[in-house]
Amino acid sequence: MNVTFPKSEKLCSDIAIDTLYKTGKKFVAWPMRVTYLPITDAPTQVLIWAPKSLFKHAVDRNHMRRLMREAYRLNKHILCTENKYYHLAFNYIDKQTQDFHVIEKAMKKALQRLATLEE
RNA sequence: AUAGCGUAUCGGUCUAUCGCGGAGUAUGGGAAGAAAAAUCAUCGGUUUUAAUCCCCUACGACGAGGAAAGUCCGGGCAGCAUAGAGCACCACAGCGGUUAAUGACCGUCAGGCAGCAAUGUUUGGUCACUGGUACAGAGACGAGUCGCCUAUGGGCGGGUGAAACGACUACACUGUGGGCUGCAAUUCCAAGUAUACCAAUGUCAGAGCGCUGCUCGCGUAAGUUGGAGGGUAGGAAGCAAUAGAAGGCCGUAGCAAUACGCACCUCAAGAUUAAUGAUAGACACCGUUUUUUUCGGCACAGAACCCGGCUUAUAGAUACGCUAUUUUU
RNA sequence: GGUGCCAUCGUCUAUCGGUUAGGACAAGAGAUUUUCAUUCUCUAAAGCGGGGUUCGAUUCCCCGUGGCACUA
């Protein structure tokens with residue numbers, strides 16, 4: 001099982017992010033909002049962030065982002081079994097900081113929903 | 001012992017599993033292939049060696065703070081004529097010293113405020129010229145009201161007010177310093193587009209530009225400005241051991257800040273939609289409890305070219321010096 | 001990352017260190033009107049937080065909080 005998370009799986013292009021947020025569909029898996037857009041090229045690329053308006057300190061934003069990244073890294077095999085690829089964006093929407101277990105549970109739920117949704 | 005003041009130091013550790021950034025290393029794999037040699041044979045092809053470059057794989061030292069924060073000051077560094085002149089403008093201001101430099105720091109003098117004290121905090125150039133000093137008051141610098149005395153020149157007192165010929169103050173003056181802009185500076189590479197359209201202005205009697213408000217001066221020389229549009233928004237250097245205004249220790253000088261010397265020791269993050277992490281367990285510390293166990297807690301906070309200060313946030317721990325109170329000798 | 005600016009009634013704003021802190025809109029009360037609107041009169045309502053300078057601070061200085069703009 002591949003649990004790495006190299007740079008090529010991060011969504012970096014400015015244009016791609018723009019099109020993702022303009023044309024992509026979204027749903028909420030508390031405490032995250034997921035925006036997704038099916039694409040043809042491999043690999044699946046992910047954008048993860050926590051907004052400055054909810055967390056004033058950079059420490060809190062970094063911590064939430066790192067927790068979400070770990071949750072995605074450990075559970076991305078749920079999505080990677082299919083031969084379809086996505087541009088994904090996870091952004092944190094709760095005002096409180098949460099435990100890793102809460103976020104991992106939400107991440108599993110979100111990925112399973114994505115995996116079943118495209119069928 | 002308790003309470004406090006000052007200066008300085010530290011601000012968790014280890015194990016297991018998984019992951020991220022990463023200078024570099026590899027007789028690992030792949031692609032291109034200068035040059036040389038050999039050969040076929042004719043101006044090219046093939047083979048061998050293979051500098052160099054790129055990608056993948058494996059290994060991989062090391063990997064956030066005392067404030068990384070605020071951006072309040074100063075400097076390095078970079079560009080702008082060679083960084084120029086004058087005015088304007090801005091900052092600072094007891095006295096002496098330190099520093100690369102500062103509005104910082106050290107010593108010290110005087111006043112105010114807080115404290116029993118140790119101590120903390122804050123203010124501090126000049127009034128010759130020019131301007132200002134509300135209300136009240138006769139009068140706020142021009143003089144002169146009421147009462148008393150009087151040699152009629154004037155003197156003393158009352159009252160108003162923060163202040164009444166003695167002043168305070170800046171917009172005034174003196175001294176010192178400051179050229180301006182900032183790493184999104186600046187330089188290079190790659191890719192792409194519109195040398196098209198409209199208006200204004202200008203070509204040596206010179207517009208505009210050269211990052212300073214005005215004047216000058218210097219350089220450059222055919223475009224420039226506005227409108228309406230078109231394209232791009234990628235990479236590298238700057239920028240991370242070629243370390244230095246570095247820190248510690250020791251010695252000397254000094255009350256001190258600090259300077260000089262220097263055997264020894266320490267200091268190796270470098271991302272760019274942005275790494276430095278997650279989970280589980282153990283220990284240390286703090287609280288609760290008679291004790292063990294259990295349970296709970298474990299601060300403030302995240303580099304973005306680099307340094308020196310200041311300010312603000314901060315659970316707790318330690319060292320030294322000093323002050324007050326109490327007790328004992 | 002860097003640079004600059006702002007904060008005043010519920011809202012938008014004015015201000016020479018000496019105020020009863022002014023104006024407009026909104027709100028409330030009254031008058032006019034058969035009633036409503038318009039109009040008129042009146043009322044209440046504010047200096048972002050904490051220090052300092054000064055006889056006196058919304059104004060000057062320092063620290064903090066929040067917001068905005070510019071800059072490849």
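Each chain gets a letter, A, B and so on, in the order the sequences are listed, and its residues count up from 1.
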Peer 1: For A:His77 and B:C18, give me the distance from atom NE2 to atom C1', rounded to whole Å.
Peer 2: 14 Å
Peer 1: Got a sec, which pairs hit salt bridge (charged side-chain N to carboxylate O under 4.0 Å, His left out) with one end in residues 90-110 of chain A, sequence neighbours left out?
Peer 2: none
Peer 1: Need the pair for B:A67. Rule: Watson-Crick or G-U wobble, both distances under 3.5 Å, any strand; none if unpaired.
Peer 2: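 Check on B:A67: unpaired, no WC or wobble geometry under 3.5 Å.
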Peer 1: B:G84 pairs with which nucleotide, Watson-Crick or G-U wobble, both distances below 3.5 Å?
Peer 2: B:C216
Peer 1: For A:Pro51, give me all partners under side-chain contact (heavy atoms from CB on, under 4.5 Å), at least two apart in sequence or on another chain.
Peer 2: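 Residues passing side-chain contact (heavy atoms from CB on, under 4.5 Å) with A:Pro51: A:Trp49, A:Ser53, A:Leu54, A:Tyr92.
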Peer 1: Taking atom P in both B:G210 and B:U121, what distance in whole Å separates the two?
Peer 2: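 Rounded to whole Å, the distance is 49 Å.
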Peer 1: If you round to the nearest 0.5 Å, how far is CE of A:Met107 from CE of A:Met32?
Peer 2: 4.0 Å
Peer 1: Could you pull out all residues at least two apart from A:Thr23 that satisfy side-chain contact (heavy atoms from CB on, under 4.5 Å)?
Peer 2: A:Leu37
Peer 1: A:Glu9: what forms a side chain to side chain donor-acceptor pair (under 3.5 Å) with it, not counting sequence neighbours?
Peer 2: A:Lys76
Peer 1: Tell me whether B:G74 sits syn or anti, counting syn as a glycosidic angle within 90° of 0.
Peer 2: anti
Peer 1: Between P on B:A68 and CG on A:Asn62, what's the gap in Å once rounded to a whole number?
Peer 2: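 The distance from CG of A:Asn62 to P of B:A68 comes to 18 Å, rounded to the nearest Å.
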Peer 1: What is the nucleic acid contact for A:Leu11, judged by heavy atoms within less than 4.0 Å: base, sugar-phosphate only, or nothing?
Peer 2: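 Sugar-phosphate, backbone atoms only, no base.
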Peer 1: Expected output is a numbered-order residue list: members of residues 103-112 of chain A with a heavy atom under 4.0 Å from any atom of RNA chain B. What is it?
Peer 2: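 Within this stretch, nothing sits under 4.0 Å of the strand.
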Peer 1: A:Arg65: which residues meet the side chain to side chain donor-acceptor pair (under 3.5 Å) condition with it, sequence neighbours left out?
Peer 2: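 Scan of A:Arg65 (side chain to side chain donor-acceptor pair (under 3.5 Å), adjacent residues dropped) gives A:Asn62.
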Peer 1: Is there side-chain contact between A:Leu88 and A:Leu114, with heavy atoms separated by less than 4.5 Å?
Peer 2: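 In contact.
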Peer 1: Tell me the stems RNA chain C sits in, counting at least three consecutive Watson-Crick or G-U wobble pairs, each under 3.5 Å on both distances.
Peer 2: C:1-7 with C:65-71, C:10-13 with C:22-25, C:27-31 with C:39-43, C:48-52 with C:60-64
Peer 1: How many whole angstroms separate atom CD1 of A:Ile48 from atom C1' of B:U272?
Peer 2: 17 Å
Peer 1: Evaluate A:Arg61 against A:His63 for side chain to side chain contact (heavy atoms under 4.5 Å, CB included), listing each step before the verdict.
Peer 2: CA-CA 5 Å; A:Arg61 292 199 297 277; A:His63 191 227; over 6 Å; no
Peer 1: Go through the steps for A:Ile93 and A:Val28 under the test side chain to side chain contact (heavy atoms under 4.5 Å, CB included), then give the verdict.
Peer 2: CA-CA 9 Å; A:Ile93 54 169; A:Val28 173; 3.8 Å; yes
Peer 1: Using Watson-Crick or G-U wobble geometry with both distances below 3.5 Å, tell me the partner of B:G120, or none.
Peer 2: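 Base partner found: B:C113.
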Peer 1: Would A:Phe27 end up clustered with A:Ile78 when hydrophobic side chains under 4.5 Å apart are linked, directly or stepwise?
Peer 2: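 Result: yes, single cluster for both.
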Peer 1: Let me know the distance between CZ of A:Phe5 and C1' of B:A274, rounded to the nearest Å.
Peer 2: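 Atom-to-atom, A:Phe5 to B:A274, this comes out as 13 Å.
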Peer 1: When the P atoms of B:C72 and C:C5 are considered, how many whole Å apart are they?
Peer 2: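 That atom pair is separated by 10 Å.
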Peer 1: Under a 3.5 Å cut-off for both contacts, is B:C5 paired Watson-Crick or G-U wobble with anything, and if yes, with which nucleotide?
Peer 2: B:G321
Peer 1: Taking syn as a glycosidic torsion within 90° of 0 and anything else as anti, which one is B:G66?
Peer 2: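 Syn for B:G66; the angle stays within 90° of 0.
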Peer 1: When rounded to the nearest Å, what value does the distance between P atoms of B:U57 and B:G302 take?
Peer 2: 36 Å
Peer 1: Taking a pair as Watson-Crick or G-U wobble with both distances under 3.5 Å, which nucleotide is matched to B:G230?
Peer 2: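 None - no nucleotide pairs with B:G230, as no candidate has both distances under 3.5 Å.
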Peer 1: Could you measure between the two C1' atoms, the one in C:U3 and the one in B:U181, and give it in whole Å?
Peer 2: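 Rounded to whole Å, the distance is 11 Å.
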Peer 1: Rounded to the nearest Å, what distance is computed from the CZ atom of residue A:Arg61 to the C1' atom of nucleotide B:A303?
Peer 2: 14 Å
Peer 1: Atom pairs, N/O to N/O, protein against nucleotides 276-280 of chain B, distance under 3.5 Å?
Peer 2:
residue : atom : partner  : partner atom : Å
B:U276  : OP1  : A:Arg69  : NH1          : 3.1
B:U276  : OP1  : A:Arg69  : NH2          : 2.4
B:U276  : OP2  : A:Arg66  : NE           : 2.7
B:U276  : OP2  : A:Arg66  : NH2          : 3.1
B:G277  : N2   : A:Glu70  : OE1          : 3.2
B:A278  : OP1  : A:His63  : NE2          : 3.3
B:A280  : OP1  : A:His101 : NE2          : 3.1

Peer 1: If you find the nucleotide of RNA chain B closest to A:Thr4 and the one closest to A:Ala58, which residue's nucleotide is nearer the 5' end?
Peer 2: A:Thr4
Peer 1: Distances for protein N/O vs nucleotides 65-71 of chain C N/O pairs under 3.5 angstrom?
Peer 2:
residue : atom : partner : partner atom : Å
C:G66   : OP1  : A:Lys56 : NZ           : 3.0

Peer 1: Going by purine N1 to pyrimidine N3 plus the second Watson-Crick contact, or the G-U wobble pair, all under 3.5 Å, which nucleotide sits opposite B:A205?
Peer 2: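 Here B:A205 is not engaged in any pair, so there is no nucleotide opposite it.
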Peer 1: For A:His57 and B:A68, give me the distance from atom NE2 to atom P, rounded to whole Å.
Peer 2: 17 Å
Peer 1: Would you call A:Tyr86 and A:Val46 a side-chain contact if the rule is heavy atoms closer than 4.5 Å?
Peer 2: no
Peer 1: Starting the side chain at C-beta, find the nucleotide from B:U273, B:A274, B:A64 nearest to A:Leu47.
Peer 2: B:U273
Peer 1: Nearest 0.5 Å, what's the CD1-CZ distance between A:Ile48 and A:Phe90?
Peer 2: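 If I round to the nearest 0.5 Å, the distance is 6.5 Å.
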Peer 1: Provide the distance between the two C1' atoms, one in B:A114 and one in B:A128, to the nearest whole Å.
Peer 2: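 B:A114 and B:A128 have their C1' atoms separated by 41 Å.
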Peer 1: Among all residues two or more places apart in sequence or in another chain, which pass the side-chain contact (heavy atoms from CB on, under 4.5 Å) test with A:Thr97?
Peer 2: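 For A:Thr97, the residues satisfying side-chain contact (heavy atoms from CB on, under 4.5 Å) (neighbours in sequence not counted) are A:Phe55, A:Met64.
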Peer 1: Between A:Met68 (CE) and B:U273 (C1'), how many Å, whole number?
Peer 2: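 It is 13 Å, rounded to the nearest whole Å.
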Peer 1: Mind checking what makes side-chain contact (heavy atoms from CB on, under 4.5 Å) contact with A:Ala89, not counting sequence neighbours?
Peer 2: A:Leu20, A:Tyr21, A:Thr35, A:Leu47
Peer 1: Applying side chain to side chain donor-acceptor pair (under 3.5 Å), can you list everything that pairs with A:Arg73, at least two apart in sequence or on another chain?
Peer 2: A:Glu70
Peer 1: Tell me the partner of B:U25, counting only Watson-Crick (N1-N3 plus N6-O4 or O6-N4) or G-U wobble (N1-O2 and O6-N3) with both under 3.5 Å; none if nothing fits.
Peer 2: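 Looking at the geometry, B:U25 pairs with B:A58.
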Peer 1: What does B:A93 pair with, Watson-Crick or G-U, if both distances are under 3.5 Å?
Peer 2: B:U174
Peer 1: Using the P atom as the reference point in each nucleotide, state the distance between B:C20 and B:A58 in Å, no decimals.
Peer 2: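 Nearest-Å result for B:C20 against B:A58 at atom P: 10 Å.
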Peer 1: Kindly assign one of parallel, tilted or perpendicular to the pair A:Tyr72 and A:Phe5, based on the angle between their ring planes and the thresholds 30° and 60°.
Peer 2: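 Perpendicular, since the angle between the ring planes exceeds 60°.
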Peer 1: Measuring from atom CG of A:Asn91 to atom NZ of A:Lys26, what distance do you get when rounded to the nearest 0.5 angstrom?
Peer 2: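 Going from CG on A:Asn91 over to NZ on A:Lys26, the span is 8.5 Å.
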Peer 1: Taking atom P in both B:U242 and B:U27, what distance in whole Å separates the two?
Peer 2: 25 Å
Peer 1: Taking CH2 from A:Trp49 and P from B:A275, how many angstroms apart are they, rounded to a whole number?
Peer 2: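 Nearest whole value for this atom pair: 16 Å.
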Peer 1: Measuring only the C1' atom in each nucleotide, how far is B:A164 from B:A143? A whole number of Å is fine.
Peer 2: 12 Å
